[in-house]
Amino acid sequence: MFIKELELINFRNYLNLKIEFSKGLNVLYGQNAQGKTNVLEAINFISSLRSHRTNKDRELIKWGKNKAYIKAHLNKSLGDFTVEVLIPEMSKKEAKLNGIKLSRASEVIGNVNTVIFSPEDLRLLKDGPDVRRRFIDNELNQIKPRYHYYLSLYNKVLLERNNLLKKGIDRSLLDVYDQQLAEYGSFLIFNRIEFIKKLSIICKLLHRKITNGKEELIIKYKGDILDGDINSIKERLYSLYKNSIDEDIKKGYTSKGPQRDDIEVYINGVDAKHYASQGQQRTAALSLKLSEIEIIKGEKGEYPILLLDDVMSELDLQRQKYLLDSLKDVQIILTITSLNDLEKFNISRKKIFEVSNGNIEIKEF
Ligand SMILES: Nc1ncnc2c1ncn2[C@@H]1O[C@H](COP(=O)(O)OP(=O)(O)OP(=O)(O)O)[C@@H](O)[C@H]1O
Ligand SMILES: [Mg+2]
């Protein structure tokens, strides 16, 4: 899959932008705070309907304006298609697919596949479990049709259950919540386990390649329930909620369930979060991200668009080369502050844009 053209109106520091991308490598260069990441953020937004930088959509709207608009012309092997998203300040987001308005904006999720890699992702192993859960959820939102829907239902009921635990409880209402959480949560856990299984196989191979056979990477899902079909997960999850009620009342929140799950990563048999060097952790994060690309290709039959935000300068030369050389069939949009960083690579199909204060000019293609 690739994006042919992006149009932005009142998005971040862009008043009105139209930009045509190449199918291969696109380089957005410019000084700090000019709007490079904003472009990647917009492309990622039409994929997931959320920003990778903020939970507040209103931050995406240009200051002084009341709505932002993103339109993208894309291509898949099946043909061209367009996606439009409107982000109003006061009302709900709206989305169109091929010009037709969707009844819920979230229905657009899954049509555009992207993998975004920014400096924060290099800390994927080091940071808290929420970051790794988001990594799994983002991927599953793209490849599993109902995942996003179940995740939002789960989170909604979880919030209500937690409120009830804090306020003083009504046990019959709590049981209704537990049944709903077990229903939605079992879908999440089942799909996460399947995903981690696939991820661990691909990641192990890729990591071996990137490290020239020096390191073995093992990934494991960490949670209260680690196997089973969806019904058995549902039953066990329901019992977990039931059995932890006293603890939950004491704590004032729900202590068991998929909202607590995590991934464990081992490099050469050792827990990477606590013992791997910074360089090893970054390389493992790179392997995880690259595996994400392969999984999307496997599930969707198309490579996602790869958005690389400022990561080149954070990786050593060997890793940078690997990144650009191993992804010849993937459309890449990367941001960089100095073009000198690219000179050492021999890349043929590339288009270079200069980004300056909310304006973008083509420099070379
Ligand atoms: N809602 C908004 N309205 C107008 N301008 C905004 C808005 N949000 C952010 N900006 C501006 O966008 C600019 C930041 O853009 P962006 O993060 O894309 O920079 P960048 O080119 O990626 O910089 P760096 O190289 O530092 O990462 C800042 O100047 C910021 O003030
Ligand atoms: Mg940036």
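Start at 1 and go down the list; that is how both ligands and their atoms are numbered. Keep in mind the model is a prediction, meaning the values are calculated, not measured.
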Q) Applying a strict 4.0 Å limit to heavy atoms, is Gly35 in contact with ligand 1? A) yes
min-distance protein heavy atom vs atom 17 (O) of ligand 1 -> Arg53 NH1, 3.0 Å
Expected output: side-chain Glu302 to main-chain Ser77 donor-acceptor under 3.5 Å
yes
Of all protein heavy atoms, the one nearest atom 26 (O) of ligand 1 is Asn32 ND2, 3.1 Å
Contact with ligand 1 for Val355, non-hydrogen, under 4.0 angstrom
no
Under 4.0 Å from one or more heavy atoms of Gln34, ligand 1 contributes atoms 19 (O), 20 (P), 21 (O)
Residues Ile219 and Ser200: closest non-hydrogen pair is O-CB, 3.7 Å
task = Could you tell me how the ring of Tyr147 sits relative to the ring of Phe187: parallel (under 30°), tilted (30 to 60°) or perpendicular (over 60°)?
result = tilted
shortest atom 31 (O) of ligand 1-to-protein heavy-atom contact is with Trp63 CH2, 3.2 Å
Charged N to carboxylate O under 4.0 angstrom, Lys198 versus Glu299?
yes
Are any of the N or O atoms of Thr337 closer than 3.5 Å to those of ligand 1? no
For Asp271 and His274 the tightest heavy-atom approach is OD2-ND1, 2.9 Å
Does NZ or CZ of Lys209 fall inside the cone over Tyr322's six-membered ring, less than 6.0 Å from its centre and within 45° of the axis? no
among protein heavy atoms, the one nearest atom 18 (O) of ligand 1 is Asn38 N, 2.8 Å
Does a side-chain N-to-carboxylate-O contact under 4.0 Å join Lys96 and Glu94? no
- Do Asp329 and Lys297 sit within salt-bridge range, that is, some charged N less than 4.0 Å from a carboxylate O? no
Atom 28 (C) of ligand 1 has as its nearest protein heavy atom Ala33 O, 3.9 Å
Logged contact type for Ile61 with ligand 1, heavy-atom cut-off 4.0 Å, is backbone
Practice problem: Please state whether the separation between the Mg ion (ligand 2) and some N/O/S atom of Asn32 is under 2.8 Å? | Solution: no
Closest non-hydrogen contact found for Arg132 with Ile263 is NE-O, 3.6 Å
Checking heavy atoms under 4.0 Å, the part of Glu41 that sits near ligand 1 is neither
In this structure, atom 22 (O) of ligand 1 is nearest to the protein heavy atom Thr37 OG1, 2.7 Å
With a 4.0 Å cut-off, would you call Asp57 and Lys92 a salt bridge?
-> no
Of all protein heavy atoms, the one nearest atom 9 (C) of ligand 1 is Arg12 CD, 3.7 Å
Exercise. Does ligand 1 have any atom sitting under 4.0 Å from a heavy atom of Arg58?
Worked result: no
closest protein heavy atom to atom 11 (C) of ligand 1 is Asn13 CB, 3.9 Å
